[in-house]
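Bear in mind the structure is a predicted one, so any value in this text is a computation, not a measurement.
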Amino acid sequence: MSKIILVTGANQGIGFQFAKQLGELGHTVYLGARDIKKGEEAVAKIGLKNVHPLLLDVTKEESIKESVKKIQQEQKHLDVLINNAGIAKYEGKPEVDVDLLKDIFDTNVFGVVRVTNAFIPLLKSSSSPIVLNVSSTVGSTGFVSDPNTTANSFLSYAASKSALNTYSILLSHLLQDVKVNFVSPGYCGTNLNNFAGTLDPKDTVKLMVERVVFAETTGQFYDYDGSKLDL
Ligand SMILES: NC(=O)c1ccc[n+]([C@@H]2O[C@H](COP(=O)([O-])OP(=O)(O)OC[C@H]3O[C@@H](n4cnc5c(N)ncnc54)[C@H](OP(=O)(O)O)[C@@H]3O)[C@@H](O)[C@H]2O)c1
């Protein structure tokens with residue numbers, strides 16, 4: 001059955017693949033972009049009538065409010081919210097730059113919280129609502145416990161994904177009628193890592209669409225291939 005889906009940060013990378021592949025399956029997709037021109041260009045590249053650009057900056061309340069209004073007017077409900085927008089920065093030293101930490105949390109954690117809060121009413125109007133938060137293996141306490149973890153270079157980013165994981169689990173308890181899961185999309189070559197990632201987001205998103213997005217579970221941390229990850 002065709003769903004109404006919003007993907008945040010979808011003008012490039014993993015989010016773009018989510019919008020494209022879900023659109024190709026016939027779902028109505030809102031492709032979120034903080035720069036509407038980039039969103040329109042991405043939609044033109046996809047070339048499907050059922051994929052629409054949506055101005056959405058997850059750090060700006062007003063932008064979120066407008067996007068809720070638009071989807072409310074056009075669809076009356078939202079079936080799937082994919083909180084994908086994210087930023088990362090190499091740090092590699094123990095003295096954390098608190099301004100950077102705040103910026104990263106503002107997008108990766110507070111952004112997800114803001115957008116989710118705002119869309120809860122529209123999600124509750126769906127017969128089978130889903131929230132999928134795009135996290136990372138560096139959000140896993142087990143993963144970062146290795147003294148040589150790659151997360152040592154990205155302390156603020158790893159901390160943000162760890163907070164996102166805890167938020168996702170607790171949200172799954174509190175939002176009993178909504179399935180809330182979170183996923184590691186794999187180490188994909190995208191702008192986020194200067195295309196150093198070894199996986200193609202086309203491939204990992206294909207698996208996430210098949211095995212994770214519409215999972216019947218709630219409160220689960222998935223790897224992109226649908227296997228379960230430890231926290
Ligand atoms: N790539 C990996 O290996 C990897 C691994 C683990 C987790 N992840 C996660 O996967 C998600 C997608 O990352 P990606 O690799 O696809 O990175 P990407 O290519 O850099 O894409 C990130 C997207 O988020 C958008 N964005 C950033 N700040 C935003 C804001 N304030 N409001 C709205 N959109 C915003 C960007 O918009 P602009 O184009 O305007 O900058 C871009 O569209 C992130 O949550 C990331 O943490 C990625």
Side-chain angles (χ1 to χ4, degrees), residues 2-75 78-90 103-104 106-108 110-112 114-116 118-119 122 130-136 157 160 183 185-210 212-213 224:
S2 168
K3 306 276 186 190
I4 312 296
I5 300 176
L6 166 60
V7 187
T8 68
N11 54 284
Q12 62 171 319
I14 291 161
F16 175 82
Q17 281 301 323
F18 269 125
K20 180 171 188 286
Q21 296 189 27
L22 289 164
E24 285 166 353
L25 289 174
H27 300 295
T28 297
V29 179
Y30 286 87
L31 181 155
R34 59 177 159 175
D35 175 339
I36 193 61
K37 199 162 169 277
K38 286 190 194 167
E40 285 164 358
E41 282 165 9
V43 165
K45 205 160 141 192
I46 293 171
L48 292 170
K49 282 198 177 71
N50 50 316
V51 178
H52 312 281
L54 182 74
L55 174 62
L56 178 51
D57 185 327
V58 304
T59 63
K60 300 205 165 82
E61 289 285 1
E62 197 50 41
S63 160
I64 297 168
K65 221 164 117 185
E66 286 303 313
S67 63
V68 171
K69 212 159 119 190
K70 188 171 159 69
I71 297 181
Q72 158 73 37
Q73 279 165 358
E74 294 179 2
Q75 310 292 345
L78 181 68
D79 295 305
V80 182
L81 168 61
I82 302 183
N83 284 307
N84 166 79
I87 56 171
K89 183 130 197 263
Y90 176 85
D103 279 352
I104 290 182
D106 200 22
T107 301
N108 297 5
F110 308 149
V112 174
R114 281 186 202 101
V115 172
T116 307
F119 277 100
L122 284 185
I130 290 171
V131 174
L132 181 65
N133 293 332
V134 180
S135 185
S136 168
Y157 176 71
S160 76
V183 65
Y187 187 42
C188 295
T190 67
N191 207 17
L192 190 94
N193 50 37
N194 290 321
F195 299 90
T198 47
L199 297 168
D200 187 332
K202 260 188 217 149
D203 302 331
T204 69
V205 168
K206 185 168 187 291
L207 290 170
M208 288 189 280
V209 167
E210 285 169 6
V212 178
V213 176
Y224 63 87

Engineer: Run Val131 and Asn83 through side-chain contact (heavy atoms from CB on, under 4.5 Å) and show every step you take.
Structural biologist: CA-CA 7 Å; Val131 174; Asn83 284 307; 3.8 Å; yes
Engineer: Please name the pair of heavy atoms, one in Asn108 and one in Ser160, separated by the smallest distance, quoted to 0.1 Å.
Structural biologist: ND2-OG, 3.2 Å
Engineer: Within the 4.5 Å heavy-atom criterion, are Leu78 and Tyr30 side-chain neighbours or not?
Structural biologist: no
Engineer: Answer whether the closest heavy-atom distance between the side chains of Ile71 and Leu54 falls below 4.5 Å.
Structural biologist: yes
Engineer: May I have all residue pairs that pass salt bridge (charged side-chain N to carboxylate O under 4.0 Å, His left out) and include part of residues 9-19, sequence neighbours excluded?
Structural biologist: none
Engineer: Applying side chain to side chain donor-acceptor pair (under 3.5 Å), can you list everything that pairs with Asp106, at least two apart in sequence or on another chain?
Structural biologist: Arg114
Engineer: May I have all residue pairs that pass side-chain hydrogen bond (donor to acceptor under 3.5 Å, both in side chains) and include part of residues 42-53, sequence neighbours excluded?
Structural biologist: none
Engineer: Mind checking salt bridge (charged side-chain N to carboxylate O under 4.0 Å, His left out) for Lys202 and listing every partner two or more places apart, or none if nothing turns up?
Structural biologist: none
Engineer: Could you check whether any side-chain heavy atom of Val209 comes within less than 4.5 Å of a side-chain heavy atom of Leu22, counting everything from C-beta outward?
Structural biologist: yes
Engineer: Do Ile46 and Leu31 come within less than 4.5 Å of each other through their side chains, counting heavy atoms only?
Structural biologist: yes
Engineer: Who passes side-chain contact (heavy atoms from CB on, under 4.5 Å) against Leu192, sequence neighbours left out?
Structural biologist: Ala88, Tyr157, Thr190
Engineer: Which value, rounded to the nearest 0.5 Å, describes the distance between Leu6 atom CG and Phe18 atom CZ?
Structural biologist: 12.5 Å
Engineer: Which residues satisfy the salt bridge (charged side-chain N to carboxylate O under 4.0 Å, His left out) test with Glu41, sequence neighbours excluded?
Structural biologist: Lys37
Engineer: So which heavy atom on Thr204 is nearest to which on Cys188, and how close?
Structural biologist: OG1-SG, 3.4 Å
Engineer: Please list all pairs passing the salt bridge (charged side-chain N to carboxylate O under 4.0 Å, His left out) test where one or both residues lie in residues 23-32, with sequence neighbours left out.
Structural biologist: Lys20-Glu24
Engineer: Drop me the distance from Asn11's CG to Asp35's CG, to the nearest 0.5 angstrom.
Structural biologist: 7.5 Å
Engineer: Tell me the closest heavy-atom pair linking Gly189 and Pro201, and the distance in Å.
Structural biologist: O-CD, 3.9 Å
Engineer: For the side chain of Ser2 and the backbone of Gly26, is there at least one donor-acceptor N/O pair under 3.5 Å apart?
Structural biologist: yes
Engineer: Could you pull out all residues at least two apart from Leu55 that satisfy side-chain contact (heavy atoms from CB on, under 4.5 Å)?
Structural biologist: Ile36
Engineer: On a heavy-atom basis, which atom in Lys70 and which in Pro53 lie closest, and how many Å separate them?
Structural biologist: CE-O, 4.3 Å
Engineer: Within the distance-only criterion (no hydrogens, no angle test), does the side chain of Thr8 pair as donor or acceptor with the backbone N or O of Asn84 below 3.5 angstrom?
Structural biologist: yes
Engineer: Are any non-hydrogen side-chain atoms of Leu122 and Ile4 less than 4.5 angstrom apart?
Structural biologist: no
Engineer: In the structure I gave you, are the side-chain heavy atoms of Ile82 and Val134 within less than 4.5 Å of one another anywhere?
Structural biologist: yes
Engineer: Measuring from Tyr224:OH to Ile14:CD1, what's the distance to the nearest 0.5 Å?
Structural biologist: 11.5 Å
Engineer: Considering only heavy atoms from C-beta outward, does the side chain of Tyr187 approach that of Asn193 to under 4.5 Å?
Structural biologist: yes
Engineer: Of the non-hydrogen atoms in Ala42 and Ala10, which two are nearest, and what is the gap between them?
Structural biologist: CB-O, 4.5 Å
Engineer: Partners of Asp79 by salt bridge (charged side-chain N to carboxylate O under 4.0 Å, His left out), sequence neighbours excluded?
Structural biologist: none
Engineer: Only counting residues at least two apart or in another chain, list the ones meeting side-chain contact (heavy atoms from CB on, under 4.5 Å) with Gln73.
Structural biologist: Lys69
Engineer: What are the two closest heavy atoms between Ile104 and Lys89, and how far apart are they?
Structural biologist: CD1-N, 4.0 Å
Engineer: Under 3.5 Å, sequence neighbours excluded: what are the donor-acceptor pairs made by side chains of residues 58-68?
Structural biologist:
from: Thr59; atom 1: OG1; to: Asp57; atom 2: OD1; distance (Å): 2.7
from: Lys60; atom 1: NZ; to: Asp57; atom 2: OD2; distance (Å): 3.2
from: Ser63; atom 1: OG; to: Asp57; atom 2: N; distance (Å): 2.7
from: Ser67; atom 1: OG; to: Ser63; atom 2: O; distance (Å): 3.4
from: Ser67; atom 1: OG; to: Ile64; atom 2: O; distance (Å): 2.8

Engineer: Does Asn191 have any side-chain contact (heavy atoms from CB on, under 4.5 Å) partners at least two apart in sequence or in another chain, and if so, which?
Structural biologist: Gln12, Phe195
